[in-house]
Undergrad: 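Handing you this structure, nothing more for now.
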Amino acid sequence: MRNAFSELRSEKYELRAAGIYFPYFIILIPYFIPMNYDPQKIEKKWQKKWTAEKVFEAKDDPPRRLEGRGSDLAPQASEKYYALVEFPYPSGAGMHMGHLRSYTAFDVLARKRRMEGYNVLFPMGWDAFGLPTENYAIKTGIPPQTATKQNTTNFRKQLQSLGYSFDWSREVNTTDPQYYKWTQWIFLQLFKAGLAYKARVNINWCPKDKIGLANEEVISGKCERCGTAVEQREKEQWMLKITAYADKLLEGLKEVEYLPEIKAQQENWIGRSEGAEIEFPLVIASLPASGGRSVAIQLIKVFTTRPDTISGATYLVLAPEHSIIEKIKLQIANYKEVQEYIAETKLKSDLDRSSEGKAKTGVELKGIKVINPATKEKIPVWIGDYVLVAYGTGAIMAVPQHDERDRAFAETFKLPIVDKPLISFDEALAITGGKKTVTYKLRDWVFSRQRYWGEPIPLINCAKCGWVAVPEKDLPVKLPKVEKYQPTDNGESPLSTMTKWVNTKCPQCKGPAKRETDTMPNWAGSSWYYMAYLLSPNAFKNPVSLATWNLELDKLSYWLPVDWYNGGMEHVTLHLLYSRFWNLFLYDQGLVPVKEPYQKRTAQGTILASDGAKMSKSVGNIVNPDDFVKEFGADALRLYILFIAPFNQAAAWDNHGVLGTARFLEKIWKIGIHVGTSEARVSTSDTKVVRLLHKTIKKVSEDIESMSFNTAVSAMMIFINQITNYKLQITNEDWQKFLKILSPFAPHITEELNSLLATRDSLLLCQQPWPSFDPSLIIEHTFDLIIQVNGRVRGTIQAQKGITQAEAIELALLQESIKKWVSGAPKKVIFVPDRLINLII
RNA sequence: GCUCUCGUGGCGGAACUGGCAUACGCGCGUGGCUUAGGACCACGUCCCGCAAGGGUUAGAGGUUCAAAUCCUCUCGAGAGCACCA
């Protein structure tokens, strides 16, 4: 890209406008010819002004609207509007196109809402805990705190250069101890409510690096750093009982306006299914059944959604991890073989277990059988890794006749496939004594990380008292400074090496005790950040306590729920679910006034590289927003990212595309400079301009609401093209209306051009009311009547609106171009009022 | 494999409720601006045809006076879930 682009264009304009006709005036140019369109200059100028006048700061106690200031679209005085975009992880690479797309769209929304008279909150902050910063620290020794500071400074500068109307006075940072003291406090509420517990769970383990890996660090079953195959290893982890909220999380979806695909993903993730638990008695195979009187040594409970198929169940399959195996090992004839299979399974990662395609593996538990409670037949019992221990009861009744997977397994191991009649749900329960139950795919949330760069889990382990919460007055439990950021050889958090920090006193019995060294996952700080923006400075300054929190309830009540939340599609399962879970929990505790935190949720589509591939650092096809701001200005870049495609759709970036929106702004600049001069002032606009202006106001107003920014920009281009192409007259008042609707999209150029107008007052453009349109000016009195003969278009004529079918036929038949297609009276006529007439011959 | 979404010029895309397909922008072409040009201005730009006209929304069929839009199948792309009983 060249630097000369804008200079060249503007230079030419200046010569034409000023010099050509009156050469003597050239020396006077600096005096009354306004400057060229120089985005660099005007954008900084207005950004400074907005900041100085604090125009984007939301009021917790908003003043009443001035009388007569509102348009007819304006809401009641002091109505709030909370527009939220996902706060970024401030990576060293800076802002990317995904941020640009989301933030620009919501800046348009926020600016429009302010102009409509709402008290708007549009905040920004940093989700700054995370692996890249920690890995950077491991590599360079630079403390994550330092790197984060640099990165947020850079990121903030980038965001400000785009003219976003964020309320920077409310900026938050999840890694600030004054922030995470509240994250820790919320965790303690969960702990005290019995929703946090320790359990042994599988984690991804790299045997070479000897560390536990986050799922994000496992790339197709291999360690991201060294490429070694990842193993599963059991480790004690803190868990949050999100499953206790499965039904509430599902129910809550009915009350909110999420995009249908987002709702579907949440539902899918929770994965509720109704079915039955049925017990199968376990018997020794060698003993004769003798009329069903053989003695059951155990009962195996299975979960099924199809109890009606039970007569066709010809065998049972247990998950290899099923706890009953250990209990009945003496009865299993081939226990050694079974043990080997279990050991094999343990080594496999989840990915291995599913990536082996459809090939089913398993081992029969010889020496035992179960009795099918419906048929009373003895059927064999197998273990197989296609049955998951974590879902249902970890055991299934296999019905190869009705289930594809059971059929595959039966075919592999030559097990009987029988065609038995179905029975009703109720009948099946009656015969077998089964119980209706509900299961979920949703698993409890693994909340521990053996990492440095996260919130310390504020718990203390005492030999006498067990796990004890750190007292509120001692929060935050701050991250201590460490020498090395690496996890230890046995996979513990680097905090575990800080013996001084680890060894402490039990808050209850004052005896010697140890701190928890695990930290919280990334998702913790972002699970409540929409509330953090609402807290007063006191909440951050003062010690953490219920009383301090309760002082904030008024603000939470005023602002919540978030009216509209936007972010990436990649966060609509975990982050969205986790934060809804915390909110629901806090609601139950009386600590939050609303059940659902987000009233509406949308997601932007991905911006791809120009060849349609994903932008990625390793491929080197990343484009940097900074370059475009520098070259074409923030306004042109903002317009292009909105114009590129429908908001929720993936779109390929095109470097040339910005030229189009830059040219559009150039045209606007020329008109604006012209309209602003006293010679150009007219008392009325051309009728054509007025009509089109009102149509455009309507279109842009509606398109912003439906996130159709691309067509909104297109409508404004059409308006400008009409003025330029036909040299139409426009008054200062009408021009200002246009500048107003453009201002959320291109806030800098519009402020600048507005300042040239005779109609300007002391207010900034962005503080003025959103223009309303006059419906009477939009209604057309004529329309183009489409004339079809036998369904084919043969011509159009201008006609008065409201004409009858008879009039339309008469008009049509007068046309020379129609006459030649029609001979005699039409057999049939289809008439669509104010649109078309179709003559069937 | 299953579920969802989608397929329109050289490219990004527009088309309300089934009613003139290709708006707007990029790119490209021709000409102008007595130098140059990823600048600006004018005109042109789906295909066949001199024209009248005909064809065209991934492909094939269907419903309808009328289909990019509704239905069926095939092909292709993207996203999500991936053995959830």
Side-chain angles (χ1 to χ4, degrees), chain A residues 1-2 4-13 16 260-261 264-265 268-269 271-273 275 302-306 309 317 350-351 353-360 384-388 390-399 402-406 408-409 439-443 569-570 572-573 605-606 608 610 612 639-640 643-646 648-661 663-664 666 670 702 708 710-711 713-718 721 724-725 784-796 820 826-832 835-840:
Chain A
M1 265 177 288
R2 299 253 192 90
F5 186 80
S6 56
E7 283 167 29
L8 278 171
R9 289 176 304 184
S10 311
E11 204 177 347
K12 194 88 172 193
Y13 167 70
R16 280 205 189 145
E261 60 266 39
Q265 278 195 42
N268 192 293
W269 195 261
R272 182 181 201 272
S273 46
V302 305
F303 174 75
T304 177
T305 53
R306 296 289 309 273
T309 65
V317 189
D350 285 349
L351 192 94
R353 264 174 90 158
S354 55
S355 70
E356 279 175 26
K358 292 286 151 212
K360 296 276 182 288
D385 66 6
Y386 83 100
V387 176
L388 308 173
Y391 186 77
T393 60
I396 62 157
M397 60 176 212
V399 186
H402 291 285
D403 186 283
E404 227 184 290
R405 295 151 306 179
D406 296 343
F409 193 83
T439 24
Y440 302 89
K441 288 189 201 173
L442 185 68
R443 300 270 70 89
M569 205 61 198
E570 69 276 20
V572 305
T573 43
T606 331
L608 305 165
S610 52
L639 279 168
Y640 177 60
F643 185 61
I644 192 166
N648 60 349
Q649 197 176 301
W653 182 261
D654 177 9
N655 277 343
H656 292 287
V658 193
L659 274 171
T661 50
R663 283 175 191 147
F664 171 56
E666 238 359 288
K670 283 185 200 175
E702 290 169 356
S708 311
N710 55 333
T711 49
V713 174
S714 154
M716 290 188 282
M717 284 173 167
I718 292 169
N721 287 348
T724 342
N725 293 350
D784 289 330
L785 176 71
I786 299 156
I787 305 164
Q788 296 184 341
V789 179
N790 287 337
R792 307 206 61 122
V793 178
R794 296 301 179 186
T796 59
K820 68 174 182 187
K827 240 195 284 180
K828 190 178 169 187
V829 176
I830 286 110
F831 178 64
V832 184
R835 202 181 287 271
L836 68 77
I837 182 130
N838 187 4
L839 309 171
I840 312 300

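Quick note on labels: first sequence line is chain A, next is B, and so on, each numbered from 1. These numbers were taken from a predicted model, which means no experiment stands behind them. Just so it is clear, the values below take in all heavy atoms, side chains as well, and ignore hydrogens, waters and symmetry mates.
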Undergrad: Mind checking if A:Ile786 touches a base, just sugar-phosphate, or nothing, with heavy atoms under 4.0 Å?
TA: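 Base, at least one base heavy atom under 4.0 Å.
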
Undergrad: Students often get this wrong, so: under 4.0 angstrom with heavy atoms, is A:Arg794 touching a base, only sugar-phosphate, or nothing?
TA: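 Since only primed, P, OP1 and OP2 atoms lie under 4.0 Å of A:Arg794, the category is sugar-phosphate.
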
Undergrad: Now, which nucleotide makes the Watson-Crick or G-U wobble pair with B:U63, with each of the two distances under 3.5 Å?
TA: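 Checking every strand shown, B:U63 finds no partner, since no pair has both distances under 3.5 Å.
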
Undergrad: Is the shortest heavy-atom distance from the side chain of A:Leu785 to the side chain of A:Ile837 under 4.5 Å?
TA: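 Side chain of A:Leu785 against side chain of A:Ile837, heavy atoms only: contact under 4.5 Å found.
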
Undergrad: Applying a 3.5 Å limit to both distances, which nucleotide forms a Watson-Crick or G-U wobble pair with B:G29?
TA: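 B:C43 is the nucleotide pairing with B:G29.
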
Undergrad: Watson-Crick or G-U wobble partner for B:A58, using a 3.5 Å limit on both distances?
TA: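 Partner of B:A58: B:U74.
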
Undergrad: Describe the nucleic acid contact of A:Gln265 in one word from base, sugar-phosphate, nothing, applying a heavy-atom distance below 4.0 Å.
TA: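 Touches sugar-phosphate only.
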
Undergrad: Within the structure shown, what part of the strands sits under 4.0 Å from A:Ala650 by heavy-atom distance: base, sugar-phosphate, or nothing?
TA: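 Answer is sugar-phosphate: A:Ala650 comes under 4.0 Å of backbone atoms only.
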
Undergrad: Can you figure out which of B:A82, B:C41, B:A15 approaches the side chain of A:Lys670 most closely?
TA: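 The closest nucleotide is B:C41.
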
Undergrad: With a non-hydrogen cut-off below 4.0 angstrom, is A:Asn721 in contact with a base, only sugar-phosphate, or nothing?
TA: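 Sugar-phosphate, no base atom in range.
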
Undergrad: With sugar-phosphate meaning primed atoms plus P, OP1 and OP2, does A:Pro260 contact a base, only sugar-phosphate, or nothing at under 4.0 Å between heavy atoms?
TA: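 Answer is nothing: A:Pro260 stays at 4.0 Å or more from every strand.
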
Undergrad: Figure out the CD/C1' separation between A:Glu666 and B:C41, and round it to whole Å.
TA: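 Spelled out: CD on A:Glu666 to C1' on B:C41 is 14 Å.
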
Undergrad: Classify A:Ser273 by what it touches in the nucleic acid, base, sugar-phosphate, or nothing, heavy-atom distance under 4.0 Å.
TA: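 Answer is sugar-phosphate: A:Ser273 comes under 4.0 Å of backbone atoms only.
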
Undergrad: Is the charged tip of A:Lys360 near the ring of A:Tyr386: under 6.0 Å from the six-membered ring centre and within 45° of its axis?
TA: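 Yes, A:Lys360 and A:Tyr386 form such a contact.
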
Undergrad: Could you give the CE-to-C1' distance, from A:Met716 to B:A14, as a whole number of Å?
TA: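 Atom-to-atom, A:Met716 to B:A14, this comes out as 16 Å.
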
Undergrad: Looking at A:Val399, is its backbone amide N or carbonyl O close enough to the side chain of A:Asp406 to form a donor-acceptor pair, meaning the two atoms are under 3.5 Å apart?
TA: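 Yes, A:Asp406 side chain to A:Val399 backbone: donor-acceptor pair under 3.5 Å.
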
Undergrad: Taking the nucleotide of RNA chain B with the nearest heavy atom to each, does A:Gly791 or A:Val713 sit closer to the 5' end?
TA: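 Nearest nucleotide further toward 5': that of A:Val713.
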
Undergrad: Given B:G13, B:A39, B:C24, which nucleotide is nearest the side-chain atoms of A:Asn710?
TA: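 The answer is B:G13.
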
Undergrad: Does the separation of the ring centres of A:Tyr440 and A:Trp269 fall below 6.0 angstrom?
TA: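 Ring centres of A:Trp269 and A:Tyr440 not closer than 6.0 Å.
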
Undergrad: Tell me whether B:G9 sits syn or anti, counting syn as a glycosidic angle within 90° of 0.
TA: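 B:G9: syn.
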
Undergrad: Just checking A:Gln649: base, sugar-phosphate only, or nothing, at a heavy-atom cut-off of under 4.0 Å?
TA: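 Answer is sugar-phosphate: A:Gln649 comes under 4.0 Å of backbone atoms only.
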
Undergrad: Please tell me which of A:Arg792 and A:Leu442 maps to the more 5' nucleotide of RNA chain B, matching each residue to the nucleotide holding its nearest heavy atom.
TA: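 Its nearest nucleotide being more 5', the pick is A:Arg792.
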
Undergrad: Identify which nucleotide among B:C20, B:G55, B:C26 has an atom closest to any side-chain atom of A:Asp654, counting heavy atoms from C-beta outward.
TA: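 Between B:C20, B:G55, B:C26, the one nearest the side chain of A:Asp654 would be B:C26.
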
Undergrad: Can you tell me the distance, in whole Å, between the CD atom of A:Glu570 and the C1' atom of B:C81?
TA: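 Roughly 17 Å, once rounded to whole Å.
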
Undergrad: Measure from the side-chain heavy atoms of A:Asn838 and tell me the nearest of B:C65, B:A15, B:A42.
TA: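 Between B:C65, B:A15, B:A42, the one nearest the side chain of A:Asn838 would be B:C65.
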
Undergrad: Counting heavy atoms from C-beta on, name the nucleotide in B:A14, B:C65, B:C81 closest to the side chain of A:Lys828.
TA: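 Given the options B:A14, B:C65, B:C81, the side chain of A:Lys828 is closest to B:C65.
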
Undergrad: What does A:Ile840 touch in the nucleic acid at a heavy-atom separation under 4.0 angstrom: a base, only the sugar-phosphate, or nothing?
TA: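 Counting heavy atoms under 4.0 Å across all strands, the contact made by A:Ile840 is with sugar-phosphate only.
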
Undergrad: Report yes or no: is there a donor-acceptor pair, N or O only, under 3.5 Å between the side chain of A:Lys360 and the base of B:C83?
TA: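 It does, because a donor-acceptor pair links the side chain of A:Lys360 to the base of B:C83 below 3.5 Å.
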
Undergrad: Record whether the side chain of A:Glu261 comes under 3.5 Å of the base of B:G80 through a donor-acceptor pair of N or O atoms.
TA: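 Result: no qualifying N/O pair found.
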
Undergrad: Over all strands shown, is A:Ile718 touching base, sugar-phosphate only, or nothing at heavy-atom distances under 4.0 angstrom?
TA: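 The residue A:Ile718 makes sugar-phosphate contact but no base contact.
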
Undergrad: Just the rounded figure in Å: distance from C1' of B:C28 to CG of A:Leu659.
TA: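 My rounded result for the distance is 14 Å.
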
Undergrad: Once you round it to whole Å, what is the distance between P of B:C26 and OH of A:Tyr640?
TA: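 Taking OH of A:Tyr640 and P of B:C26, I get 11 Å after rounding.
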
